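Take a look at the structure set out below.
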Amino acid sequence: MKLSRLFIGGLLGLTVPALPALADEPDANVLYNHHCAICHGVSRLGGIGPALLPDNLSRLKHAEAVEVIRDGRAATQMPAYGELLGEAEIAALAEWIYEPPEVEPSWSDADILASHVVSHAYGTLPDEPVFEVEDLKNLFIVVEIGDHHVSLLDGDRFERITRFPSRYALHGGPKYTPDGRYVFFGSRDGWVTKYDIYNLEVTAEVRAGINMRNIAVSADGNYVLAGNYLPHTLVLLDARNLELIASIPVEGLNGETSRVSAVYTAPPRNSFVAALRDIPEVWEIRWPEERAEGDEALVGDFALHRMEAPDYLDDFFFDMEYRYLVGAARGGKGGQVFDMDEEVKVADLPLEGMPHLGAGITWELDGRRVMAMPHIDKGQVSVFDMTDWSLITHIETDGPGFFMRSHENSPYAWVDVFFGPNHDRIHVIDKQSLEIVETLIPEPGKTAAHVEFDRRGETLLLSVWDDDGYLLWLDANTLKELGRMPMKRPSGKYNVWNKTQYEEGTSH
Ligand code: DHE
């Protein structure tokens, strides 16, 4: 255990300070750099793990912090340090993370403006694609997190058009403009990148925060919203060149500030919806319905509406009309349905195993619309009737899953077994019988995860999620392999048509 952790640090090229052989008092700073910085960031600004700064820890009791360091945190990547560190060392660390850092981390409007780069101003590049494909709406963007690259694929011939470097650790789905010409990426360390698919060029970039969750693009393609953990802000950008419109401090009705868990686009409402981690509220920001070409977007053009929620709600799934949102209650135990028109909770969902609502999908079953989602903590997929929010069934799987996918034209829903010993398996569920009809193991021992269909729902892409991984190209009906393409830990795949049409079987 001890050796492997140190070895990982070495692999990542971190400078690990030597631990004093016989120190009287544990030096928390040194311990932090040795054990925690790898995930929580050298400056405590966050990384794989959350930022460990007093503000971010305000809801965590000191005793709980000691417990988490000693025992780890279930269903997260936080391991137990109880065997590696002594009680005094754990206590010193738990004390230290509540102390303000020597230099207060901040990310002001001035920092955002200073980071802004426009390499090709909006409207200056040609409108014709520099490559030829049969169908520009059947392109795929594929994120490779192994070496932080992005590939653009032709979804008809299954050929790579280009591969380009991305910012470090992209997270959340890249988001397209409605015409599919531009795509926006968000990275965990706050960068928003705009890419012109027709010209295969990055056109603009800006760093919206220190620790960002994801981005959303307005349904009219005019605005981008970024949601941050650090600072506690929503950052509104003009989609043309990523100019800053406003950074909006996230402060609740109770005066508490909050991290933003995620931001979403709600097309029929002309709004963005934000999930907030630390306050029991849902925020909606309506964008202006019309903007004449060339007009400046002004802060006052956007209407912020705060809705008091019955609980802390996270990880949203929306019905097709975007009236109801389904959120995971605090701690991932249970789900709640919130009516955004009436601003009331309308149902509790019996979900026990950390539901991953963001991975939820929907389809028609016996004339009813149903939703289904996997659980991060439990080997099951839960299926609900969306007409009355009653539970239809829990489908038992070979382990907890992360992503779920289908397509309107496909009889099957796909769910991976992301966690545990069976992570190389992926289940194929019949959408009518709700039975697992096939379990594929593309490569024994390697994680098989995240499916995306082509625009017609006839073929699909599946990631073998490994540094020596690849994409599999399968017939969506016969499940036969059609081809494969080597890739470095391919994660998400995003079809232009499915995303821009808000296809029912995919994430939005
Ligand atoms: Fe994600 C999407 C939250 C960890 C890969 N992830 C999302 C979204 C949210 C979310 C809210 C939807 C936003 C969007 O698409 O714009 N993810 C979280 C977490 O809270 C969690 C559990 C902990 C964290 O560290 O943030 C988490 N996510 C991960 C990973 O460890 C994954 C597997 C690897 C990685 O890249 O970090 C991962 N998340 C993804 C991917 C999507 C995603 C590939 C987009 C899925 C899609 O098909 O749209």
Side-chain angles (χ1 to χ4, degrees), residues 39-41 46-51 73-78 140-146 148-150 166-176 183-189 192 211-217 224-230 259-265 272-277 313-318 325-328 331-332 354-361 373-377 400-407 414-416 418-419 423 447-453 460-463 465-466 469 488-495 498-499 502-503 505-508:
C39 291
H40 295 280
I48 300 169
R73 202 187 261 289
T76 74
Q77 295 179 40
M78 175 69 193
F140 286 86
I141 284 286
V142 185
V143 173
E144 291 174 70
I145 54 175
H148 312 285
H149 274 68
V150 170
S166 73
R167 285 283 170 182
Y168 182 78
L170 297 185
H171 181 241
K175 304 288 162 26
Y176 296 102
V183 60
F184 300 85
F185 302 96
S187 80
R188 285 197 188 260
D189 60 1
V192 182
N211 185 349
M212 195 174 79
R213 296 294 291 166
N214 76 322
I215 54 165
V217 173
V224 179
L225 185 69
N228 286 322
Y229 259 13
L230 196 70
R259 293 168 289 175
V260 179
S261 295
V263 288
Y264 306 86
T265 302
F272 294 111
V273 178
L276 307 175
R277 182 139 292 177
L313 291 180
D314 224 340
D315 195 14
F316 292 169
F317 175 83
F318 297 90
L325 75 76
V326 187
M354 273 190 100
H356 194 209
L357 288 154
I361 58 168
M373 89 288 298
H375 294 249
I376 290 177
D377 222 5
F402 209 90
F403 301 108
M404 197 161 176
R405 268 298 192 279
S406 187
H407 190 284
W414 293 65
V415 66
D416 49 64
F418 203 82
F419 306 96
H423 60 99
T447 303
H450 197 283
V451 159
E452 175 77 318
F453 287 75
L460 59 85
L461 284 174
L462 163 63
S463 293
W465 196 291
D466 192 89
K488 298 264 180 219
R489 199 169 284 266
S491 62
K493 301 160 290 295
Y494 309 89
N495 179 271
N498 294 341
K499 295 295 166 195
Y502 295 85
E503 217 287 325
T506 192
S507 61
H508 302 150

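A quick note: this is a predicted structure, and the numbers were derived from the prediction, not measured. Just follow the structure's listing: the first ligand is 1, and inside any ligand the first atom is 1.
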Task: Asp314/Arg277 ion pair, N-O < 4.0 Å - done: yes

- [ ] Compute the minimum heavy-atom distance from His450 to ligand 1 and say whether it is under 4.0 Å.
- [x] yes

Task: Lys493 to ligand 1, any heavy atom closer than 4.0 Å - done: no

TODO: Counting heavy atoms only, name the option from Arg188, Met404, Lys499, His356 that's nearest to atom 35 (C) of ligand 1.
DONE: Arg188

- [ ] Using distance alone, determine whether Ser507 and ligand 1 share an N or O pair under 3.5 Å.
- [x] yes

Task: Heavy-atom nearest option to atom 9 (C) of ligand 1, drawn from Arg277, Arg489, His171 - done: His171

Open item on the list: Contact between ligand 1 and Glu452 is defined here as a heavy atom of the residue under 4.0 Å from a ligand atom; is it met?
Closed with: no

TODO: Would you tell me which option among Tyr264, Phe403, Trp465, Phe402 has the nearest heavy-atom contact to atom 34 (C) of ligand 1?
DONE: Trp465

- [ ] Enumerate the atoms of ligand 1 whose separation from the nearest heavy atom of Ala262 is less than 4.0 angstrom.
- [x] 11 (C)

Open item on the list: Could you check whether Phe402 and Phe419 have their ring centres less than 6.0 Å apart?
Closed with: yes

Task: Arg405 NZ/CZ over Phe453 ring centroid, <6.0 Å and within 45° of normal - done: no

- [ ] Mark up the atoms of ligand 1 that fall under 4.0 Å of a heavy atom belonging to Lys175, in ascending order.
- [x] 14 (C), 15 (O), 16 (O)

- [ ] Establish, from distance only, whether the side-chain atoms of Asn498 and Thr506 form a donor-acceptor pair under 3.5 Å.
- [x] no

Task: Donor-acceptor contact below 3.5 Å, side chain Tyr264 vs main chain Phe272 - done: no

Open item on the list: Does either side chain, that of Lys499 or that of Ser507, offer a donor lying less than 3.5 Å from an acceptor on the other one?
Closed with: yes

- [ ] Would you please say whether a donor-acceptor pair under 3.5 Å links the side chains of Ser166 and His148?
- [x] no

- [ ] Using the six-membered ring wherever Trp is involved, compare the ring planes of Trp465 and Phe418 and label them parallel, tilted or perpendicular (cut-offs 30° and 60°).
- [x] perpendicular

TODO: Check ligand 1 against Arg405 and write out every atom of the ligand that is under 4.0 Å from a heavy-atom position of the residue.
DONE: 47 (C), 48 (O)

Task: Enumerated ligand 1 atoms positioned under 4.0 Å from heavy atoms of Arg213 - done: 3 (C), 18 (C), 19 (C), 20 (O), 24 (C), 26 (O)

Open item on the list: Show the atoms of ligand 1 that are less than 4.0 angstrom away from any heavy atom in Gly173.
Closed with: 14 (C), 15 (O), 16 (O), 45 (C)

